[in-house]
Amino acid sequence: MDSTRVAELQQLIGLCKSNPALLHDSSLAFFKDYLQSLGGSVPEKPGLADHDEDEIIESDLELDGEIIDPDDDPPQKMGDPSVEISEERCDAAQLLKSKAMQAVAENNLEEAIDYLTEAILLYPSSAILYAARARVFVKMRKGSAAIRDADTALKINPNSATGYKSRGMAWSLMAQWEAAASDLRLASKLDYDEEIYSILTKAESNVRRIEEHRNKYERLRKEKEARRIQREKHHQSEKSRQDPQVEDPNSLAVLRDGEVISTHSSDELEKKLKAAQNLSRVVVLYFTATWCGPCRTMGPVYTSLAEKYPKVVFLKADIDELNDIAHRLNVSGVPTFFLVKDGKEVDKVVGVTRIGLETMIKRHTGQL
């Protein structure tokens with residue numbers, strides 16, 4: 001053989017070894033077919049099975065309102081709910097609350113917090129005091145502290161409009177718009193005011209944008225997953241077509257190896273016959289009837305044959321349910337067994353005869 005040709009062949013083989021994807025080039029189809037005819041296997045074409053689309057990256061979502069970081073101050077002092085409240089303690093707490101409100105009016109917010117904390121320690125069962133301090137914390141833009149106080153106020157009085165309002169405003173400061181909208185709606189029902197309406201309008205607008213954004217990317221992810229599944233199905237079908245030893249998983253899912261499969265409609269029967277044809281399986285179709293005595297004898301025999309020949313598809317149909325199919329196949333009595341191969345009826349056995357039935361199966365599966 002010409003040494004130059006041998007050298008060229010060696011060079012080609014070297015290139016294919018270093019980059020097996022070259023074997024999928026149409027110009028080398030002859031060489032690929034030759035390798036496979038010798039029993040060789042060719043690596044899958046890159047990107048066919050594991051092809052992946054670009055990752056879905058969510059765009060930034062623009063929302064109304066300024067966002068603050070959660071405050072990390074130590075938790076504020078809370079009152080002892082077991083303290084017995086006297087009239088004197090109540091009066092003193094009310095006086096301190098008045099001083100706190102005056103301090104708020106003068107924008108001395110830290111001083112207001114001190115007054116309200118002292119009032120809470122004197123009168124720890126007052127939802128009003130906790131809700132008032134929560135409002136001051138909101139003004140100070142301390143959302144976490146405001147939420148702790150609002151939670152306590154609502155625990156004491158679940159109908160505290162100020163508690164819901166303060167907590168809703170605190171959630172909005174922390175950009176927790178869905179929680180903010182929920183609390184502000186409740187506050188508005190209990191005690192409507194313009195401030196609640198203003199913040200609630202902004203919160204609901206942001207909630208709508210969040211939902212639209214979330215739904216958009218959920219839809220894109222579902223569409224991407226559907227395309228991936230479709231690619232995988234296509235790949236499996238191609239693989240099954242190119243390599244008869246690889247069985248189509250979609251067809252396998254329709255059938256059950258080693259079992260008798262009952263069919264109750266023409267569509268169901270056709271679907272199973274098609275699946276068997278895709279898998280190049282031999283099918284035995286058994287026509288029976290509930291009123292048939294001999295059928296009761298052949299039932300256990302048919303089941304045992306299904307277990308013995310798991311790669312043969314054993315179907316069962318009631319002649320009264322599938323009367324149209326039985327008429328088309330000229331079924332004149334039961335039990336009747338048809339053997340179907342490549343979608344065509346090629347043999348038939350009638351009556352109670354295990355030997356005849358098994359012989360028919362062996363004849364068409366190459367076991368005789």
Side-chain angles (χ1 to χ4, degrees), residues 36-37 39 41 232-233 235-368:
Q36 290 176 325
S37 73
S41 61
E232 183 63 23
K233 286 182 178 179
H235 171 60
Q236 290 291 349
S237 297
E238 283 294 305
K239 199 171 181 181
S240 300
R241 185 179 63 80
Q242 295 170 9
D243 183 358
Q245 299 302 313
V246 179
E247 296 187 312
D248 178 21
N250 296 321
S251 297
L252 283 172
V254 175
L255 308 175
R256 296 192 300 274
D257 289 355
E259 296 182 29
V260 175
I261 306 170
S262 295
T263 58
H264 302 283
S265 69
S266 300
D267 289 343
E268 188 180 4
L269 177 60
E270 291 299 330
K271 183 177 180 181
K272 288 174 170 54
L273 289 172
K274 182 65 176 175
Q277 187 176 355
N278 289 342
L279 296 169
S280 300
R281 299 274 188 94
V282 169
V283 177
V284 181
L285 174 56
Y286 166 34
F287 279 96
T288 180
T290 55
W291 42 262
C292 170
C295 296
R296 286 192 282 275
T297 301
M298 285 302 292
V301 172
Y302 197 60
T303 300
S304 68
L305 289 174
E307 294 170 353
K308 186 175 180 179
Y309 300 97
K311 292 303 180 183
V312 174
V313 178
F314 287 79
L315 302 179
K316 183 171 74 171
D318 189 299
I319 192 172
D320 295 318
E321 284 187 333
L322 273 70
N323 184 263
D324 54 336
I325 300 292
H327 180 73
R328 178 167 61 81
L329 294 175
N330 296 316
V331 177
S332 57
V334 287
T336 295
F337 304 88
F338 286 93
L339 192 135
V340 181
K341 199 170 184 179
D342 297 325
K344 298 177 181 177
E345 300 85 31
V346 296
D347 211 340
K348 180 172 77 168
V349 169
V350 179
V352 179
T353 168
R354 178 187 179 119
I355 294 175
L357 178 57
E358 188 166 10
T359 300
M360 179 178 71
I361 293 168
K362 287 181 177 181
R363 181 165 54 248
H364 291 282
T365 56
Q367 297 183 51
L368 275 182

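For the single chain, residues carry numbers from 1 onward in sequence order.
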Have a look at Leu285 and tell me which of Leu339, Leu269, Val313, Leu322 forms a side-chain contact (heavy atoms from CB on, under 4.5 Å) with it. Leu269
Nearest atoms (heavy-atom pairs only) where [X] meets [Y]:
{"X": "Asp320", "Y": "Trp291", "value": "OD2-NE1, 2.9 Å"}
{"X": "Val334", "Y": "Ala289", "value": "CG2-CB, 4.2 Å"}
{"X": "Ile261", "Y": "Arg256", "value": "CD1-N, 3.5 Å"}
{"X": "Glu345", "Y": "Leu329", "value": "CD-CD2, 3.5 Å"}

Heavy atoms from other residues, nucleotides or ligands near NZ of Lys272 exceed 12 (cutoff 6.0 Å): yes
Ring centres of Tyr302 and Phe337 under 6.0 Å apart? yes
With side chain to side chain contact (heavy atoms under 4.5 Å, CB included) as the criterion, how do Asp347 and Phe338 come out once you've worked through the C-alpha distance, each side chain's angles and the decisive distance to 0.1 Å? CA-CA 6 Å; Asp347 211 340; Phe338 286 93; over 6 Å; no
From [X] [atom1] over to [Y] [atom2], what is the distance, rounded to the nearest 0.5 angstrom?
{"X": "Lys362", "Y": "Ile355", "atom1": "NZ", "atom2": "CD1", "answer": "10.0 Å"}
{"X": "Arg354", "Y": "Thr297", "atom1": "CZ", "atom2": "OG1", "answer": "13.0 Å"}
{"X": "Lys316", "Y": "Thr288", "atom1": "NZ", "atom2": "OG1", "answer": "6.5 Å"}
{"X": "Thr290", "Y": "Glu321", "atom1": "OG1", "atom2": "CD", "answer": "9.0 Å"}
{"X": "Gln277", "Y": "Lys344", "atom1": "CD", "atom2": "NZ", "answer": "9.0 Å"}
{"X": "Leu357", "Y": "Met298", "atom1": "CG", "atom2": "CE", "answer": "5.0 Å"}

Could you walk me through whether Arg281 and Val312 pass side chain to side chain contact (heavy atoms under 4.5 Å, CB included), step by step? CA-CA 6 Å; Arg281 299 274 188 94; Val312 174; over 6 Å; no
Please walk me through it: do Leu273 and Leu315 pass side chain to side chain contact (heavy atoms under 4.5 Å, CB included)? CA-CA 9 Å; Leu273 289 172; Leu315 302 179; 3.9 Å; yes
Looking only at atom types and distance, does a side-chain atom of [X] sit under 3.5 Å from a main-chain N or O of [Y], one as donor and one as acceptor?
{"X": "Lys311", "Y": "Asp257", "result": "no"}
{"X": "Tyr286", "Y": "Cys295", "result": "yes"}
{"X": "Glu268", "Y": "His264", "result": "yes"}
{"X": "Thr353", "Y": "Val349", "result": "no"}

Between Asp324 and Ser266: side-chain donor-acceptor atoms closer than 3.5 Å: yes
Decide whether Tyr309 and Glu358 meet the rule of one side-chain donor and one side-chain acceptor closer than 3.5 Å. yes
Side-chain heavy-atom pair Leu279, Leu255 within 4.5 angstrom cut-off: yes
